[in-house]
Every structure is written in structure tokens, then in C-alpha cells.
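Have a look at the structure below, then the notes.
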Amino acid sequence: MKEMVMSQEQIQTICQKLGNQLTIELAHEEKIPLFVGVMKGALNFFYSLVPYVKRKIMTDFVETSSYEGTHSTGIVRLTKDLSISPNGRTLVIVEDVVDTGLSMKFLVAYLKQHYKPKRILICALFDKQAMRKEDVKVDFSGMVLTENKFLIGFGLDYRELDRELPYVYVPEEKDIQEMDAMLDGDKAESLR
Ligand code: IMP
Ligand code: MG
């Protein structure tokens, strides 16, 4: 049996709760807040969350990369920048997982260096506090994990697989082996 970490129903309840909190937090903004999803992992979460934010917002995306397989490489790169200016606006970063905090620390520093947002808020579906190496505070978190678990589903992938699942689970060794075998047989289709 797979270890279910967040069911489809739980995801909806959590997104509603976070949406309510953000609606209150952003009630008195002068400029329209900008919600920035971190691709690709946060896309599922992003589009489940924003319908629960009961005010006008703008949406944009950035892409960072540091994970390969089940482990972070530790080197973070920005592979897609913003297309809407966040200057003067509250910028809400929507992320799937804050793990070591390296990606988020890099992203916040990058955004502060290149733009002038009014402030930056961080909203993450999972806050893996046990793994933190950098001092990153998640302002709005869906679930705090104190144990190190590798999660997949609902945007979170193993080698680009399982992002489409409507729930989040911890894969077993045999799930990983199955996916590795599937990918071995699929090499011709890969771009890289
Ligand atoms: P950090 O830089 O170590 O905080 O890693 C953050 C990034 O790694 C997140 O944006 C995720 O996309 C990815 N990540 C972290 N933990 C997991 C996981 O358990 N499953 C899949 N991706 C993860
Ligand atoms: Mg991510």
C-alpha cells in the first residue's frame, strides 16, 4: 500500500483554508497582488489555490531547477523569469515544497535584486522543516512535515512522472523501480 500523504479531498480543504488566509492578508492592498507559481511542481497547487482567493489578483510563473531524481543537486538556476512587473505589488510565491530552502532563498534574493516588490510572501503546500539548511520562513503552509519524505503526485514528480495524480504519496522502492524501468523503455521519446 502506498503511503498517502494528502488525499484529493484534503488538498481541496487545505487550498480553501490557505485561500481564506490569503484573502484576509491581501484585503487592503493598493496595487493588485501578483501570485507567482514556481514551475513545474507548483502548477497543480497554484490552480487549485487561486479560485479560493476572493479578490482580484494577477498570475505569473517562474521556473527554478535543482532537483534531479529524488535528490536536490544543491545548485539552483532560474530557467524562466517573470513576465509581469511586480514593482510596488505584494508578490505571493506559490511553491510546492520548501525542503532545504535553497531554491526559495535563491528565488527571493533574485526577485529582490532584479525588481522592487512591495513585499514577498511565501505560500507552500509542504513545509519540510526537518530538511531546512537555509533560514526560510514559509508564511502560509498547507502541511508541515517533520520527517524527511520524498513525495510525488499533484505536481510533484519522480523523473517527470506522476505530476498528474490528484493526490500526494510516498513512493515505495518498487514504485521507483517500476518508473525507472518504464523510462528505460521510453528513451527515444525523451528530449534530453
Ligand atoms: P529545496 O531547494 O531543497 O528547498 O527544494 C525545493 C524544490 O525541490 C521544490 O521546489 C520541489 O520542486 C523540489 N522538491 C523538494 N522536495 C521534493 C519532494 O519530496 N518531491 C518532489 N520534489 C521535491
Ligand atoms: Mg518546485
Side-chain angles (χ1 to χ4, degrees), residues 2-8 10-11 14-15 18 34-50 59-82 91-113 120-180 182-183 192:
K2 284 176 186 168
E3 183 192 340
M4 182 70 79
V5 178
M6 210 182 263
S7 69
Q8 195 168 2
Q10 257 178 305
I11 289 172
I14 286 169
C15 288
L18 292 171
L34 179 63
F35 277 58
V36 175
V38 184
M39 297 199 299
K40 293 183 270 191
L43 287 183
N44 305 49
F45 174 43
F46 189 91
Y47 281 117
S48 296
L49 173 70
V50 292
T59 58
D60 202 358
F61 301 94
V62 292
E63 185 173 40
T64 59
S65 84
S66 84
Y67 251 61
E68 298 215 341
T70 57
H71 290 95
S72 175
T73 58
I75 303 154
V76 188
R77 290 178 305 134
L78 191 81
T79 45
K80 189 217 166 287
D81 205 335
L82 291 177
L91 195 158
V92 181
I93 301 177
V94 179
E95 177 61 301
D96 49 6
V97 186
V98 177
D99 187 28
T100 62
L102 275 160
S103 308
M104 190 54 79
K105 190 166 181 189
F106 165 84
L107 180 60
V108 170
Y110 178 90
L111 293 170
K112 283 185 175 164
Q113 203 180 345
I120 296 178
L121 299 173
I122 299 171
C123 176
L125 185 58
F126 292 99
D127 184 358
K128 280 194 194 169
Q129 287 180 353
M131 295 303 289
R132 205 57 50 78
K133 285 191 194 144
E134 298 290 344
D135 180 24
V136 170
K137 186 177 131 272
V138 176
D139 300 292
F140 301 90
S141 68
M143 187 182 276
V144 173
L145 292 181
T146 48
E147 270 175 79
N148 182 24
K149 289 178 177 173
F150 178 69
L151 312 171
I152 53 181
F154 195 62
L156 298 164
D157 70 307
Y158 173 70
R159 298 181 64 192
E160 300 299 331
L161 295 178
D162 276 0
R163 292 193 199 269
E164 71 280 13
L165 298 180
Y167 54 84
V168 181
Y169 77 103
V170 180
E172 289 173 7
E173 195 48 47
K174 75 162 181 27
D175 299 319
I176 297 283
Q177 280 166 9
E178 253 175 51
M179 287 190 275
D180 282 340
M182 211 179 273
L183 287 165
R192 285 185 282 185

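Please read all numbers here as calculations on a predicted model, not as lab measurements. Whatever order the structure lists ligands and atoms in, that order sets their numbers, starting from 1.
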Geometry only, no angles: is I152 polar-contacting ligand 1 at N/O separations under 3.5 Å?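 No, since none of the N or O atoms of I152 sits under 3.5 Å from an N or O of ligand 1.
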Examine M104 against ligand 1 and note whether any of their N/O atoms are separated by less than 3.5 Å.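 Checking ligand 1 against M104, no N or O pair falls under 3.5 Å apart.
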Applying a 4.0 Å heavy-atom criterion (strictly less than), which segment of K128 is in contact with ligand 1: side chain, backbone, both, or neither?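 It is the side chain that touches ligand 1; the backbone stays farther off.
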Between [Y] and [X], is there a salt bridge with N-O shorter than 4.0 Å?
{"X": "K149", "Y": "E3", "answer": "yes"}
{"X": "D157", "Y": "R159", "answer": "no"}
{"X": "K128", "Y": "E147", "answer": "no"}

How about I93 and L91: do any of their side-chain heavy atoms sit closer than 4.5 Å? yes
Which of the numbered atoms in ligand 1 are under 4.0 angstrom from any heavy atom belonging to [X]?
{"X": "T100", "answer": "1 (P), 2 (O), 3 (O), 4 (O)"}
{"X": "E95", "answer": "9 (C), 10 (O)"}
{"X": "L102", "answer": "2 (O), 4 (O)"}
{"X": "K149", "answer": "19 (O)"}
{"X": "D96", "answer": "9 (C), 10 (O), 11 (C), 12 (O)"}
{"X": "L156", "answer": "21 (C), 22 (N)"}
{"X": "V97", "answer": "6 (C), 9 (C), 10 (O), 15 (C), 16 (N)"}
{"X": "F150", "answer": "18 (C), 19 (O), 20 (N), 21 (C)"}

For D99 versus R132, what's the shortest heavy-atom pair and its separation?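 In this case the closest contact between D99 and R132 is O-NE, 2.9 Å.
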Taking only non-hydrogen atoms of G41, do any sit less than 4.0 angstrom from ligand 1?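 Heavy atoms of G41 never come under 4.0 Å of ligand 1.
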I'd like to know whether ligand 1 has R132 as a neighbour, heavy-atom separation below 4.0 Å. no
Using heavy-atom distances, let me know which of V168, V38, D99, T64 sits nearest atom 5 (O) of ligand 1. D99
Neighbour count above 12 (heavy atom, 6.0 Å) for K80 NZ: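 Above 12, so yes.
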Looking at residues at least two apart in the chain, or sitting in another chain, which of them share a ring pair (Phe, Tyr, Trp, His ring centres under 6.0 Å) with F126?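 By the ring pair (Phe, Tyr, Trp, His ring centres under 6.0 Å) rule, F126 matches no residue at all.
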side-chain hydrogen bond (donor to acceptor under 3.5 Å, both in side chains) partners for E172, two or more places apart: none
Look at the rings of F35 and F46 and say which category their plane angle falls in: under 30° parallel, 30 to 60° tilted, over 60° perpendicular. perpendicular
